[in-house]
Amino acid sequence: MKPTLLCYHLSGEKASKIRFAAMRLRILLRDVKPEEYGWTLNALCGLEEAGESIPCEETFSDEMLVMAGFSPALMNQLLQTFRQMKIPPVPLKAMLTETNGQWDSCRLHREISAEHEAMTRGGAPAHQGPQA
């Protein structure tokens with residue numbers, strides 16, 4: 001699979017800089033629209049048929065990135081490029097895994113939001129669901 005970066009709620013100069021960084025590293029960038037949140041992450045990355053999107057019960061407006069098909073070196077290279085280009089951090093980031101590939105965007109957002117909150121307050125995640 002070609003390395004793919006799923007982007008949620010990025011706009012303005014930040015979105016332009018991320019698009020440029022991805023292009024420089026030959027990463028396919030895909031902006032995910034709210035009406036696509038019900039598709040699995042695998043479908044959003046083109047790894048399976050999208051089928052019909054099942055609407056999520058909730059929505060979110062946080063910026064979020066999902067890296068799919070990235071080697072550890074490419075992930076580090078992308079994050080280093082973000083720092084060099086002075087792109088403000090996107091707090092919610094995840095790698096596509098066998099487990100979370102079956103999740104929709106809303107579930108991933110819930111999971112990594114809980115992990116991010118736990119990390120910023122220095123404790124365990126608020127709930128003990130499967131790891132993203």
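If you're wondering where the values come from, they're calculated on a predicted model, not measured in any experiment.
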**Study point:** Note: Arg30-Glu36 ion pair, threshold 4.0 Å (strictly below)
**Key:**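 Answer for the salt bridge query: yes.
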Rounded to the nearest 0.5 Å, how far does [atom2] of [Y] lie from [atom1] of [X]?
| X | Y | atom1 | atom2 | result |
| --- | --- | --- | --- | --- |
| Met85 | Glu13 | CE | CD | 9.0 Å |
| Met119 | Ile112 | CE | CD1 | 10.0 Å |
| Ser61 | Glu63 | OG | CD | 9.5 Å |
| Arg107 | Gln102 | CZ | CD | 10.5 Å |
| Ile87 | Leu78 | CD1 | CG | 8.0 Å |

Could you tell me if the side chain of [Y] sits less than 4.5 Å from the side chain of [X], heavy atoms only?
| X | Y | result |
| --- | --- | --- |
| Ser113 | Asp62 | yes |
| Thr4 | Val66 | no |
| Tyr8 | Leu65 | no |
| Asn100 | Glu111 | no |
| Met67 | Leu96 | no |
| Tyr37 | Asp104 | no |

Check your understanding: Would a line drawn from the ring center of His9 to the ring center of Phe60 be shorter than 6.0 Å?
Key ->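 That pair passes the under 6.0 Å test.
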So, using salt bridge (charged side-chain N to carboxylate O under 4.0 Å, His left out) as the criterion, who are the partners of [X] when residues are at least two apart?
| X | answer |
| --- | --- |
| Glu49 | none |
| Lys93 | none |
| Arg19 | Asp31 |

Exercise for review: Kindly indicate, with the supporting measurements, whether the criterion side-chain contact (heavy atoms from CB on, under 4.5 Å) is fulfilled by Val32 and Cys7.
Suggested key: CA-CA 6 Å; Val32 181; Cys7 299; over 6 Å; no
Check your understanding: Do Leu6 and Leu28 sit in the same hydrophobic cluster, where Ile, Leu, Val, Met, Phe, Trp and Tyr count as joined when their side-chain heavy atoms come under 4.5 Å apart?
Key ->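 No.
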Point to revise | Cluster overlap Leu79 with Leu29, hydrophobic side-chain contacts below 4.5 Å | key: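 Shared cluster, yes.
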Exercise for review: Identify, with sequence neighbours excluded, every residue that meets side-chain contact (heavy atoms from CB on, under 4.5 Å) alongside Leu74.
Suggested key: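 Only Pro3, Leu25, Ile27, Phe70, Ser71, Gln77 meet the side-chain contact (heavy atoms from CB on, under 4.5 Å) criterion with Leu74.
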Review point. Which atom pair, heavy atoms only, marks the closest approach of Lys2 to Arg26?
Key: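 Between these two residues, the closest heavy atoms are NZ-O, 2.8 Å.
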Point to revise | Residues which pass side chain to side chain donor-acceptor pair (under 3.5 Å) with Arg83, listed by chain and number, not counting sequence neighbours | key: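 For Arg83 the side chain to side chain donor-acceptor pair (under 3.5 Å) partners, ignoring immediate neighbours, are Gln80.
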Practice item. Please name all residues satisfying side chain to side chain donor-acceptor pair (under 3.5 Å) with Thr40, sequence neighbours left out, ordered by chain then number. Key: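 With sequence neighbours excluded, Thr40 shows a side chain to side chain donor-acceptor pair (under 3.5 Å) to Glu48, given in chain and number order.
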**Study point:** Polar side-chain atom of Lys14 near backbone of Pro89 as donor-acceptor pair, under 3.5 Å
**Key:**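 The answer is yes, because a donor-acceptor pair under 3.5 Å joins these two groups.
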